[in-house]
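Sequence lines set the chain letters: A, B, ... in the order given, protein chains first and strands last, and positions in each chain run from 1. On a predicted model such as this, the values are computed, not experimentally measured, just so you know.
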Protein chains: 2
Amino acid sequence: MNAPARKTSAATAKDREATKRRLIEAVGRVLARQGFQAVGVNTVAREAGVDKVLIYRYFDGLPGLVAAFAREGGFWPDLDELCGGDRQAFLALPFAKRMSLAVRNYLRAVRSRPLTREILAWRFLERNELTDALDTARAEAGAAILALAGEGVDRPDVDLPALHVLLGAAINHLAVRQDREPIFAGLALDDPATWERVEAMLDRMVRAVLGE
Amino acid sequence: MNAPARKTSAATAKDREATKRRLIEAVGRVLARQGFQAVGVNTVAREAGVDKVLIYRYFDGLPGLVAAFAREGGFWPDLDELCGGDRQAFLALPFAKRMSLAVRNYLRAVRSRPLTREILAWRFLERNELTDALDTARAEAGAAILALAGEGVDRPDVDLPALHVLLGAAINHLAVRQDREPIFAGLALDDPATWERVEAMLDRMVRAVLGE
DNA sequence: TGACAATGTCACTTGTCGGTGACTATCAAG
DNA sequence: CTTGATAGTCACCGACAAGTGACATTGTCA
C-alpha cells in the first residue's frame, strides 16, 4: 500500500499527509517558541507555510489539529522513565523509596520538557475545547504511575491520594512557574542548586510522611 | 481641602475621583465574573459605564489601571489572618505547630478569595506589564508570614526555604485548579471533604518534616 | 461676562482574530 | 483528451481589540 496507489482515488499524493504533519509540527513549534497564547489558526498556518483553510479541511478546525498534536505523544513521561528504567528493580524497593524515586523522576521529567510545561500551564488557564484534547493523555499517565508506585502496598495509615495530590501540585506549580517567574519565595528557580534543594526536600517529605 | 476648591484649578469635580473609583471597581468585577481574559479596555470601560478613553487619561492605560487596582489591596491575607488573629498566642506555639497553622490558614485564605485565585492564575499566563503590578504586594505578603513563622527559630537541620516553596506551590496550584478542573489525580476538588483531607495531609507533612 | 482648563462623549483608524467562498493546479481513470 | 476529484491558494468577511483625535460640556477664576 505504498508505491502506485490503486483503487478508487487513493491519496492524490500531492502530499496531504505531509501537509498534515507540517501542521502538527507547527503547533509544537509555536507552542514551544511563543506559548499557547499564540496558538491560533493564523499563526500555526503561517508557521507551517500552509494556508490556514487546510486546518479546517484536514482537522475540522483548530481543536482537531490540537487533538492530533496531542495524540503524537511524548509530552508525558512514561512508566519506565518514572521508575528509573527498570520496573522490576523499582518494584523491589520499599514503598517509601519507591514513592520518593517516582516523585523525583516526575519532577525531572517535567523540568526537561518545555512543551509539557507549556501544556500544563495552558490546561490550567483555559477550559476550552483546545485543552480538552490534551487532557486524556495526562490523566492516564498520572494514574498509571500512581498505580505502579502503590502496587502491592497497604498503608491505611496514610492518605495516599492526598499525598499524591499535594506532591503533584507542588511539582506542577514549580515547573510551570520556572518559565514565567524565576523567583519564588526567595528561591531562584533558574538556579540548578535550588532544584537540588527542592529534590532533597521532596525526598525528605515523602520519607517523613511514609515513615522512612 | 474639600468643599469649595480653591487655588489654581483644583479638580473641577465633575467627579474625576469618583470616575477613577468606578473604573477600579469595574476591574474587580470583571475579573471576578469573567476572569482575567476579559480584562481589557473595552470591557472594563463598559462595566464602569464610562468611556474607555478615561482609562488612558487617568491611568495612562490599562496597566496603570490594573496597578491602581492592585494597590487597593485585600487580595492577600495579612499576618493576623495567617496566624489566626492573635499574634502573641501564635508566637508562643512551638515551631512545627506555628508552621502548620500558618500553612492551613494560608490555604483557607486563598480558597476563600476568588479574586486572589484569579490573580494567581493570571500571573501565570502572562508576564506582561499588567501582571507585574500585581506581583509586589504578593511577594511582600509571602515574605512577611515566613518571617513571622520563623521568628526566633533556629533549625539548621531543615531547609526551610525549600519547604516553604513546596508548600506554597502545592497550595497555589490546588487553589487555582479548583476553579478550572474539579478533578485532580482522582480527588474531587469541589468536595469539602477533599479539602479536609488536604489540610490533614499538609499538617502531617509539616509535622513529619519538622519532627513534631 | 468671557476665557480657560478639565471632564466626559463620539467616531474613527488600525490590526488581528476565526472563518468562508471561489478560484487554480495537479493527478488518476476512462 | 476529457472528466472529476482532491490539494492547495487567494481574497475577503464580520467581530472585536487597542488606541487616538476632535468635539461637547461643565465648573472656576478673572
Side-chain angles (χ1 to χ4, degrees), chain A residues 1-27 30-31 34-68 126 128-131 133, chain B residues 1-24 26-27 30-31 34-67 122 125-126 128-131 133:
Chain A
M1 61 171 88
N2 196 349
R6 321 166 283 113
K7 205 132 191 230
T8 55
S9 57
T12 2
K14 212 203 267 179
D15 246 344
R16 175 191 183 122
E17 290 311 312
T19 302
K20 288 174 75 171
R21 225 177 310 116
R22 292 180 69 180
L23 279 167
I24 290 175
E25 285 162 10
V27 171
V30 170
L31 196 53
Q34 301 169 253
F36 52 85
Q37 303 256 48
V39 176
V41 196
N42 296 298
T43 310
V44 170
R46 201 181 316 123
E47 172 73 27
V50 157
D51 197 281
K52 65 177 170 178
V53 80
L54 300 181
I55 295 177
Y56 297 100
R57 286 233 267 262
Y58 296 160
F59 300 98
D60 202 39
L62 194 58
L65 173 54
V66 172
E126 311 186 82
N128 61 30
E129 342 159 49
L130 291 190
T131 53
Chain B
M1 56 172 87
N2 196 347
R6 320 166 283 111
K7 205 139 191 221
T8 56
S9 57
T12 3
K14 212 202 264 180
D15 245 343
R16 174 189 183 120
E17 290 311 312
T19 303
K20 288 174 78 171
R21 225 178 310 117
R22 292 181 69 180
L23 279 168
I24 291 174
V27 171
V30 171
L31 195 53
Q34 303 169 252
F36 52 83
Q37 306 258 39
V39 176
V41 195
N42 296 298
T43 310
V44 171
R46 200 181 317 122
E47 174 72 29
V50 158
D51 196 283
K52 65 176 168 180
V53 80
L54 300 182
I55 294 177
Y56 297 99
R57 284 233 270 264
Y58 295 160
F59 300 98
D60 201 42
L62 194 57
L65 174 55
V66 172
W122 192 2
L125 142 72
E126 312 185 81
N128 61 29
E129 342 159 51
L130 288 191
T131 53

*Phosphate OP1/OP2 of C:dG8: any B:Thr19 side-chain N/O under 4.0 Å*: yes
*Hey, is the side chain of B:Tyr58 poking within less than 4.0 Å of OP1 or OP2 on C:dA6, counting only N and O atoms?*
no
Pairs under 3.5 angstrom, nitrogen or oxygen only, protein versus nucleotides 12-17 of chain C, please.
none

_Test log, rule side-chain contact (heavy atoms from CB on, under 4.5 Å), inputs B:Tyr56 and B:Leu62_ = CA-CA 7 Å; B:Tyr56 297 99; B:Leu62 194 57; over 6 Å; no
*From A:Thr43 OG1 over to A:Lys52 NZ, what is the distance, rounded to the nearest 0.5 angstrom?*
10.0 Å
_Nearest-0.5 Å distance that lies between atom OH in B:Tyr58 and atom CZ in B:Arg21_ = 12.5 Å
Report yes if some heavy atom in the side chain of [X] is under 4.5 Å from a heavy atom in the side chain of [Y]; otherwise report no.
{"X": "A:Arg57", "Y": "A:Leu54", "result": "yes"}
{"X": "B:Phe59", "Y": "B:Ile24", "result": "yes"}
{"X": "B:Trp122", "Y": "B:Val39", "result": "yes"}

To the nearest Å, give me how far apart [atom1] ([X]) and [atom2] ([N]) are.
{"X": "B:Gln34", "N": "D:dC16", "atom1": "CD", "atom2": "P", "result": "13 Å"}
{"X": "B:Tyr56", "N": "D:dG21", "atom1": "OH", "atom2": "P", "result": "12 Å"}
{"X": "B:Leu62", "N": "D:dT20", "atom1": "CG", "atom2": "P", "result": "13 Å"}
{"X": "A:Arg16", "N": "D:dA5", "atom1": "CZ", "atom2": "P", "result": "16 Å"}
{"X": "A:Asp51", "N": "C:dG18", "atom1": "CG", "atom2": "P", "result": "14 Å"}
{"X": "A:Leu54", "N": "C:dT20", "atom1": "CG", "atom2": "P", "result": "14 Å"}
{"X": "B:Ile55", "N": "C:dG8", "atom1": "CD1", "atom2": "P", "result": "13 Å"}
{"X": "B:Arg57", "N": "D:dT25", "atom1": "CZ", "atom2": "P", "result": "15 Å"}

*Quantified as the angle between the terminal helix axes (five pairs each), what is the overall bend of the helix from C:dT1-D:dA30 to C:dG30-D:dC1 to 10 degrees?*
20°
*Assess whether atom CG of B:Asp60 is packed by more than 12 heavy atoms of other residues, nucleotides or ligands within 6.0 Å.*
no
*asked:* If you compare all heavy atoms of A:Leu23 against all heavy atoms of A:Val44, which two are closest, and at what distance to 0.1 Å?
replied: O-CG1, 4.0 Å
_Taking every non-hydrogen atom, the tightest pair across B:Ala26 and B:Glu47_ = CB-CG, 3.7 Å
_If you assign each of B:Gly49 and A:Val53 to its closest nucleotide in DNA chain C, which residue comes earlier from the 5' end?_
B:Gly49
